[in-house]
Structures are given as C-alpha cells and as structure tokens.
Amino acid sequence: MSRRKAFGLDNQTIARTLGEIADLLEIKNENPFKIRAYRNGADIAANHPHQLATLDLPALREIPGIGKDLAARIREMSETGGCAYHQELVAEFPATVLDLLHLQGVGPKTVATFYRELHVRTIDDLEQAAKSGRVRALRGMGAKKEALILKALEERKRFAGRHLLSEATEAASGVAAYLREFSPAATIDVVGSLRRGCDTCGDLDLLASGASAELMDAFVRYPLVERVLGRGDTKSSVLVRRGFQVDLRLVAHDSRGAALQYFTGSKAHNIALRDRAIGLGLKLNEYGVFRLADEAKVAGVTEEEVYAALGLELVPPELREDRGEIVRAADRSLPRLLERTDVRGDLHVHTSESDGRDDLADMLRAAADAGLEYVAVTDHTQSLTMANGLDESRALAHAARIRALDRRHGIRVLAGVECDILPDGSLDLDDDCLAALDLVVASVHSAFNQDRREMTDRFLRAIENPHVDIIAHPTGRMLLKREPYAVDIEAVVDAAARQGVALEINSQAHRLDLNDVNATLARDRGARIVISSDAHSRQGFDALAWGVIVGRRAWLEPRHVANTLPFDAFKAGLRRNRAR
DNA sequence: GCCGTTTTCGGCCCGACTGTTTTCAGTCG
C-alpha cells in the first residue's frame, strides 16, 4: 500500500473546508438541503476511519452521503490542496465572518445582515458596531438584541466554549443532584453529547420527566447560575460558573423514553430515525412515536419501546452517531459493548519513583481496590528528567521491587516502564534492559513539531523494536489544548498490527487517545488494543471509566481489548512472550 | 447536493423560545 499522501491532506482539513462551505452557503441563504449535504459531508470526513485523500472518485462515491459534487471537491482538495468553490465563496464573504457564527444568538442571517449593512468582517468590527449603537438601528434588531450581542462577545472571551467529558460530567451531576433534591418525584436524566460519551461537550443537556412546573424556577435559581439565557415552561437555558451552558427540558412521565431518545441525539442519528419512522407510517418526536394515519401514540414511555416501535433493538447512547448502528439494530446484531467491569488489568501506571504522587505499595493497593486483577507499573525513563525518569540501573532495581510485591496486595503485577521514543525513533533505555522487563510501553514526549514523515518514521522504528509491547497515547493530542502530532496514524496502526504491538486508549480525560475513530481503525486493521489509566495517583484508576467510554464509542467488545483477558492469558499474549 | 425495489424529479426531521414582528423570522438543539 502506498503511503504517499498528496499534501498530507487529512480528513480534518477536508471536514473543515466542507463545513466552511456549508457555513458560507448558509450566510448566502442558499438551498438548505444543499447546505445540509455539505454539513453532512464534513461530518463524514471528520469521522471516516480511512484517509479520504487516498481514495479515488468511485471509492468516494461509494460512501453514503458523498455524491458526484462532494466526491469531486474532495478529489480536488486531495490533488491541489485547495478548493475553488470554497475560494469563490470566501471572495463573497471573508472567511473571518465565520467567527461571528460562533457567538451565542448570532446565526447566518444575522451575520449576512451585519456584513451587508454594517460591513462587519470580524469579531472586533462587530464589537465596535454594537458599542456605537449601530446594531440596534438595523431592521429586525433592537436595543435588547444589541445588548445580547455585547454579552455574547464578552462571554466568548471568558469561556472558550467546550469542556472535557470529565468536567462536564461533574458539572451535570451537580445540577442533576440539585434538581432531584428539589423534585424527588421527577426523574432527572443527563442527555445530549454527554450521555453519548463524546470526548468534549459544548453544553450540558438535562431532562426532567414528571416534574411540576416549579422545577423550572428552581433550575434558574440554581446557586451556580451566572446568567439565564432563556426561560420557558418546558425549556430553559442557563450559564453556570466555569462557563457551562446547561439546558433543561421538562416532559411528562409518559414521554420520558421518547424525550431521552430525542435529546440524546446525535442529530444525525435522530434524522435517520425519523426518516425510518416515516417509512413505517410513523412520526417520531420528543413526546412519542405516533401513527401518521390517526395520530395515535404507539410508544414513548421507555426508550426500549421507542426503538422497538421502529423495529429496532435499543441502541446504546455511545453508538448513536449514524455510523451504521441503525442497520445493525434492525438486524438485532449490535455489539455487546465493553463495560468497565470487563477490564481486568491496567497497563500504564506511575508511582513516586518517577512523577507519580503515591508510592508503589499504595498504588498496588488502590489498583486492587479499583477491582483490577493485575497492573503493570510503568514509570518514566531517563530522558524525561523533569519527571525523574529512570535510567537502566534504576529501572531494573525498581522492577525487582515491583516483582517482589506480586500477589502481596491481592493483585498480580508486571514490572515495566513507559519508555520514551526519542526523536530518531530509538528508545530511551538499552535493549538489554528492556528485554529484562515484563512489559514495555513506549511513547512520545518530545520534539512534537517534527513533520509528518519524520514523526511517522519515528513511530514505525519504535514499533520495529522487538521489546516494545504497547504504544501509549499514539497521537499525542491534548483535548482543548494541543492538536495531535502530525503522524500517519494509518501507517502506525498497520505496523502495530503487523508486529503484534498493542495500541493504547489512554483514559486520561484530557487525552482519550486513541480516540473513538482511530480505535475503530485499529480494530478494523487487526491491531491489538489496550485501555489504560495512565494513573499518577491512587485516584487515577477512576479514569478507566473514560477510556471504556471511548472503547464503547469505537464499537469495541471485550474480545477486542487485550486487558479484558485474565492475567496469565494476557501475559502470554504479549508480543515478547509469543513465539514468532 | 443527495438519493431511489412505486421515484432520475421531487422530495429531504421537528419543535421551543426570543425579540421585534402586529403574524413571524431567526436561532438553537
């Protein structure tokens, strides 16, 4: 297989361009279905497990949602690095107006008006226009709208919008607990992208079923509320401390199932579901499933019943992305998704010997308390001096201490290291040392700015080292902070599959790396996958829950994840222990 | 712009809230 990638054009870049075309068409007030087609195309590109730039025209057109035009645009981008249609649109509306779309309460129509009437091109232009009272003078606007825009501009500066899954979960739990206390008879559910387990969340969606109207008053009076964005009888939105937008919807008890389904999304999943409903002579909304013929309600109390009315088995929330789950639900062949309790071992754990907070014995006890059957202790190596990384002699001495504690705290142990992959792809400890350990996790912590070729070769060389068992956090992304390294993940996955090296889903909430899409790719290409906590303290094992969610979003079953195996079977399956 | 076992034309998911509108457009999810 050729690894040459024209312009190194990745799916995210294609997705961004298609998304911008959709935004610009929206500002132009184009055909909404054309806009949807581009939006859908962007979504497909962002979530496609294989590099679209490597596909030819017929292969692109085989992807549902990619037709003649989109396929041609993707090919054009792959070959030239640009897209004439996109440039044409940018000539009409400067790309900077797209920033305006991200402001709360500002949509494409408003952006078009600002640009046409006030020549607003940038966020700063808009701020000046609003401050000088020019916004309120526009037709359809007023003093209130102008004040709202100034507020949105201020908030944009304060809150950059998105939140880690872990933080969002914590914030949502707080609001939900408050609402449950106020209205014990109601059922409070967390829905939206949080329920689907997305790695970051823009806002938090809560659903209250069977609550009295007073719950809405209680909601907008939640002590952490900083601002009420909207207040209605059945729907309200607030901003709470630390920049979380929280939306609450109220429905009757007998619509809970339909509302859970509706507000969990995703949008693409719901559209596909409603389409299916229509085909069955039914209508699906947040209140239930209804016969089109006579409006009779046929389901809505539980989610199971809603899916059943559509001839489907219940789809786990993590799969609701319109990535084939509906067909599988119709066949009753959805996977038996991984669960936290399936994970028996943790293969990436730090102690105070390097940069962990707790000592070896405490970490082993905590791992046992977390219900684990085995744990690999993998402290950093010497090139990470600020983490007090181990050289060969310390690594071997540490390994002896680790092995001495095997079974001592009710848990089996493996003596390992998290060995740095140096910029040239060689490893940070010599081969004799690595060979003397039970397990070697290898990862990149330096020279992040290497180009795609160098970084990819660096990983490939590390994978070729026979002492490497696992590659940790393979793309190096830091959610909301740092993009992934420029690396050809497909090439890394293929090499790992060939060499029997496992790829890690790192469970740290700011990493979640591999992500769901890449984990699916790894599974498809036959690479071994492990889910590890990267714990740096006794509490760090809790993070495994996040990694499991990523695995679920990647459709992983227990059999796809090596550390669901019992200790002996896992150990025997390690690359170093297999006859080659 | 995409799609098709009744279709190559004519469809394409649905509802709540806000502000400025005297009946509705825009935004959001």
Side-chain angles (χ1 to χ4, degrees), chain A residues 18 21-23 25-44 60-74 85 100-114 135-149 151-152 191-196 198 201-207 216 220 228-238 245-251 255 258-259 261-279 282-290 292 310 322:
Chain A
L18 294 177
I21 291 174
D23 285 342
L25 290 173
E26 212 163 3
I27 293 170
K28 260 189 89 174
N29 199 21
E30 265 271 8
N31 175 358
F33 299 106
K34 179 171 170 179
I35 294 163
R36 181 194 291 178
Y38 275 98
R39 190 91 62 213
N40 189 37
D43 211 48
I44 290 167
L60 285 168
R61 293 212 51 185
E62 273 178 27
I63 302 170
I66 303 293
K68 180 166 74 73
D69 290 30
L70 264 68
R73 306 243 186 270
I74 293 170
Y85 188 50
L100 304 175
L101 280 177
H102 298 135
L103 293 168
Q104 173 77 37
V106 176
K109 299 287 190 295
T110 315
V111 170
T113 306
F114 287 156
V135 166
R136 73 179 75 181
L138 291 170
R139 181 176 162 71
M141 309 270 168
K144 267 191 168 173
K145 189 79 185 171
E146 187 173 87
L148 269 176
I149 283 166
K151 201 96 183 186
V191 290
S193 56
L194 202 48
R195 183 163 180 242
R196 301 201 310 279
C198 296
C201 301
D203 51 25
L204 315 180
D205 298 299
L206 296 180
L207 174 68
M216 235 10 144
V220 297
V228 178
L229 297 171
R231 163 75 171 85
D233 292 338
T234 64
K235 177 186 176 182
S236 297
S237 300
V238 298
Q245 179 178 331
V246 188
D247 299 343
L248 176 67
R249 294 289 295 243
L250 251 55
V251 298
S255 290
Q261 194 292 310
Y262 184 94
F263 294 116
T264 297
S266 65
K267 194 168 204 165
H269 177 83
N270 284 2
I271 288 174
L273 229 50
R274 283 184 217 121
D275 192 47
R276 181 180 175 88
I278 289 170
L282 299 167
K283 182 175 81 165
L284 171 65
N285 62 24
E286 61 263 59
Y287 305 111
V289 183
F290 302 87
L292 285 172
L310 302 176
D322 195 22

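Chain letters run A, B, ... following the sequence lines, proteins first and then strands; every chain starts at 1.
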Seminar exercise, completed: Going 5' to 3' through nucleotides 18-25 of chain B and flagging B where a protein heavy-atom sits under 4.0 Å of the base, S where only the sugar-phosphate is that close, and - otherwise, we get S-S-----
Taking 4.0 Å as the cut-off, does a side-chain nitrogen or oxygen of [X] come that near to OP1 or OP2 on [N]?
X	N	value
A:Ser236	B:dC17	no
A:Tyr262	B:dA16	no
A:Arg249	B:dG29	no
A:Asn285	B:dC14	no

What is the distance, to the nearest angstrom, from the [atom1] atom on [X] to the [atom2] atom on [N]?
X	N	atom1	atom2	answer
A:Leu248	B:dA16	CG	C1'	13 Å
A:Asp43	B:dG29	CG	P	16 Å
A:Arg39	B:dC28	CZ	C1'	13 Å
A:Leu206	B:dG29	CG	C1'	14 Å

Exercise. What interatomic distance, in whole Å, is found between C1' of B:dG11 and the corresponding atom of B:dA16?
Worked result: 26 Å
Exercise. For the side chain of A:Lys283, counting heavy atoms from C-beta on, which of B:dC2, B:dG29, B:dG15 is nearest?
Worked result: B:dG15
For this session: Please tell me which of the listed nucleotides, B:dG29, B:dC2, B:dT27, lies nearest to the side chain of A:Gln245?
Result: B:dG29
Any N/O pairs under 3.5 Å between the protein and nucleotides 3-12 of chain B? List them or say none.
from, atom 1, to, atom 2, distance (Å)
B:dC3, OP1, A:Gly65, N, 2.6

For this session: Could you pick out which residue, A:Val106 or A:Thr234, lies toward the 5' side of DNA chain B when each is mapped onto its nearest nucleotide?
Result: A:Thr234
